[in-house]
Structures are given as structure tokens and as C-alpha cells.
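Quick notes on the structure that follows.
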Amino acid sequence: MSRYGSNKKTNQVIEFGGFTVIDGKNYRHALHDIGKGILCVEPTELNEHPEEIEWSSDFICPYCGHEDPDAFELSDLGETECSACGSELEYEREYTVEYNIKPIKCAPVTKA
Ligand SMILES: [Zn+2]
């Protein structure tokens, strides 16, 4: 038994990387022991035809929903692979500007 449930045997040849659907539930490949013929999977979301994610403050994979905390290491524009599911992604980093304003001295006020 794995921590996610039971083991499942299959004679199907499954290439490592990507998703596997077992009994209607979606899993992403986490680990592959070729010698023992074991493929470990983790439950995941799967959207095979996702919409573009816009104006998100987090780097989220549209295919599996994984949030990449290391996305700040990426350049401002380019292509990358989701570190969880391996899907190919194109991204663009947007910057927003915010101001902090501290009051120092009010201009003279004349009360007439
Ligand atoms: Zn993903």
C-alpha cells in the first residue's frame, strides 16, 4: 500500500512523464523505478485543454494546477516545463508599480 491508496498492476507500457488516468481519477507521474517496474503517481487536477491564465500573481500550471514557487528564477519571458507534470508552458512576467507615500509637511493653510 502506498500512502495514497492501493497499488495497481498494469501490463500497459506507460512512458514516464505526464498524466495517467486510473479508475476515472487523474494522477501525475512522480517517480519511476525502471528496474522494479514501478511508477509512482500522485493525485492531481488535469485539464487537457485549459484556458490561458492571465494576471495571476502565482505561477500556476494550467494543465495540473501546480503552483511553482521557484518561478521567480525564470527570465521575464519564455517557455518552460511544469516542474510537476512536465507540460510545456509559455509565460510572460508582468510588473506592476506601487507607491508608498509618507506625509512630511503640509503646505501652508490660510483660513480666511
Ligand atoms: Zn503541470
Side-chain angles (χ1 to χ4, degrees):
M1 291 284 272
S2 75
R3 75 185 162 118
Y4 294 117
S6 61
N7 297 323
K8 184 147 183 128
K9 281 193 175 158
T10 177
N11 292 324
Q12 232 179 305
V13 176
I14 301 172
E15 293 279 324
F16 180 68
F19 301 92
T20 298
V21 181
I22 305 168
D23 298 333
K25 289 186 184 138
N26 303 312
Y27 300 88
R28 69 173 159 240
H29 299 174
L31 205 101
H32 196 196
D33 189 326
I34 298 166
K36 292 178 185 161
I38 296 170
L39 173 69
C40 297
V41 294
E42 288 177 330
T44 186
E45 294 172 32
L46 169 58
N47 186 347
E48 279 185 78
H49 308 287
E51 300 276 313
E52 183 178 355
I53 297 174
E54 291 182 295
W55 308 111
S56 172
S57 56
D58 298 313
F59 194 102
I60 296 166
C61 173
Y63 294 98
C64 75
H66 175 75
E67 187 186 321
D68 188 351
D70 299 323
F72 66 90
E73 293 174 1
L74 297 168
S75 58
D76 284 351
L77 181 75
E79 291 184 11
T80 187
E81 277 186 8
C82 171
S83 58
C85 73
S87 294
E88 293 172 31
L89 307 170
E90 188 184 304
Y91 67 90
E92 186 179 349
R93 182 180 292 128
E94 295 282 347
Y95 291 94
T96 57
V97 176
E98 292 176 346
Y99 293 95
N100 296 323
I101 303 107
K102 203 184 273 183
I104 298 174
K105 188 178 178 227
C106 186
V109 178
T110 305
K111 289 181 182 165

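Here the structure is a predicted model, which means the values were calculated and not measured.
- The heavy-atom pair separating G17 from H29 by the smallest distance is N-ND1, 2.9 Å.
- Scanning for side-chain contact (heavy atoms from CB on, under 4.5 Å) contacts around K9 gives an empty result, with sequence neighbours left out.
- Nearest heavy atoms, F16 versus L39: CD1-CD1, 3.5 Å.
- Nearest heavy-atom pair, H32 versus I14, reported as atom, atom and distance to 0.1 Å: CE1-O, 4.4 Å.
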Residues 48-60 side chain polar contacts: donor-acceptor under 3.5 Å, at least two apart:
from	atom 1	to	atom 2	distance (Å)
S56	OG	D58	N	3.2
S56	OG	D58	O	2.6

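- Contact between N47 and P62 at its shortest, heavy atoms only, is CB-O, 3.8 Å.
- The distance from the CG atom of D68 to the CD atom of E81 is 12.0 Å, given to the nearest 0.5 Å.
- Applying the under-4.5 Å side-chain rule to Ile, Leu, Val, Met, Phe, Trp and Tyr, the cluster around I104 consists of that residue alone.
- Think of V97 as one node in a network of Ile, Leu, Val, Met, Phe, Trp and Tyr side chains linked at under 4.5 Å; its network also takes in Y99, I101.
- Note: the hydrophobic cluster containing F72 does not contain L77 (ILVMFWY, side chain heavy atoms under 4.5 Å, direct or indirect links).
- The backbone N or O of S75 sits less than 3.5 Å from a side-chain atom of Y91, completing a donor-acceptor pair.
- Applying the side-chain contact (heavy atoms from CB on, under 4.5 Å) test to V13 and every residue at least two apart in sequence or in another chain returns nothing.
- Of the inter-residue distances, the one linking Q12 atom CD with T20 atom OG1 reads 8.0 Å to the nearest 0.5 angstrom.
- In plain terms, the two heavy atoms of A84 and H66 that are nearest each other are CB-CG, 3.4 Å.
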Next item on the list: Mind running side chain to side chain contact (heavy atoms under 4.5 Å, CB included) on E98 and N100 for me, showing each step along the way?
Entry: CA-CA 7 Å; E98 292 176 346; N100 296 323; 5.9 Å; no
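- Atom CD of E88 has 12 or fewer heavy atoms from other residues, nucleotides or ligands within 6.0 Å.
- When the side-chain contact (heavy atoms from CB on, under 4.5 Å) test is applied to Y95, the partners found at least two apart in sequence or on another chain are D76, R93.
- Across all their heavy atoms, S87 and F19 have their closest contact at OG-CE1, 4.0 Å.
- Atoms OG and CD, from S83 and E67 in turn, are 10.5 Å apart once rounded to the nearest 0.5 Å.
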